[in-house]
Amino acid sequence: MREFLVEITTAIPEGTSQDEVDKRRAAEAVRARELAASGHLYRLWRPVGERRSVGIWRAEDEAELREKVLGTLALHEWMTAEVTPLEPHPNDPGRGGAGGGRASGDQASGDRASGGQAGTR
């Protein structure tokens, strides 16, 4: 599967009842767990103080991502998604092999460089 950086902004239509919003958010949480379990949702963040999310999502291609992954979210109708296809960078410290791996003694410095997230891939 390919990886995509996805920035999602959700705009709840004016006049939508709080009950409808709560139902959709609950369904969204369930679906997000399912997508994570299937490998489609890899990581998800919310920028501090903002009502949007930024995540790493996986799919065979952008069409599958938009239709069969993001399109299955309960809040999909209210979302705007900016999708950026990603490819590995030769200097990515998370990659194994030449140019990207760490020596075994570099684990602690790698943890600091990634904000303590080393090994979560």
**Q** Which residue is it: Gln18, Arg24, Arg25? I am looking for the one with a side-chain hydrogen bond (donor to acceptor under 3.5 Å, both in side chains) to Asp22.
**A** Gln18
**Q** Between Leu70 and Ala81, what is the shortest heavy-atom contact and its length?
**A** CD1-CB, 4.1 Å
**Q** With a 4.5 Å cut-off on side-chain heavy atoms, are Glu7 and Ser53 touching?
**A** no
**Q** Is there a side-chain contact between Trp78 and Ile8 in this structure, where contact means two heavy atoms from C-beta onward sitting under 4.5 Å apart?
**A** no
**Q** Indicate yes or no: does Glu60 engage Arg2 in a salt bridge with an N to O separation below 4.0 Å.
**A** no
**Q** Is any side-chain heavy atom of Leu5 less than 4.5 Å from a side-chain heavy atom of Trp57?
**A** no
**Q** Between Thr10 and Thr80, is a side-chain contact (heavy atoms from CB on, under 4.5 Å) present by the stated rule, with each step listed?
**A** CA-CA 6 Å; Thr10 303; Thr80 301; over 6 Å; no
**Q** If you measure from CD on Glu3 to CZ on Arg43, what distance do you get to the nearest 0.5 Å?
**A** 11.5 Å
**Q** Does the distance from a Lys or Arg side-chain N to an Asp or Glu carboxylate O, for Glu62 and Arg66, drop under 4.0 Å?
**A** yes
**Q** Verify the cluster assignment for Met79 and Leu35: are they in a single hydrophobic cluster under the rule of side-chain heavy atoms below 4.5 Å apart?
**A** yes
**Q** May I ask whether Ile56 and Leu65 are part of the same hydrophobic cluster, defined by side-chain heavy atoms of I, L, V, M, F, W, Y residues being less than 4.5 angstrom apart, directly or through others?
**A** no
**Q** Report yes if the side chains of Val6 and Val54 come closer than 4.5 Å at any heavy-atom pair, otherwise no.
**A** no
**Q** Between Arg58 and Glu64, is the side-chain contact (heavy atoms from CB on, under 4.5 Å) condition met? List the steps.
**A** CA-CA 9 Å; Arg58 293 176 171 160; Glu64 179 188 58; over 6 Å; no
**Q** How far does NE2 of His40 sit from CE of Met1, to the nearest 0.5 angstrom?
**A** 5.0 Å
**Q** Looking at side-chain heavy atoms only, is the closest gap between Phe4 and Leu86 below 4.5 Å?
**A** no
**Q** Does some side-chain heavy atom of Leu41 sit less than 4.5 Å from a side-chain heavy atom of Val69?
**A** no
**Q** Nearest 0.5 angstrom please: Arg33 CZ to Ser38 OG, how far?
**A** 13.5 Å
**Q** Does the side chain of Thr72 come under 3.5 Å of the side chain of Arg31 through a donor N or O and an acceptor N or O?
**A** yes
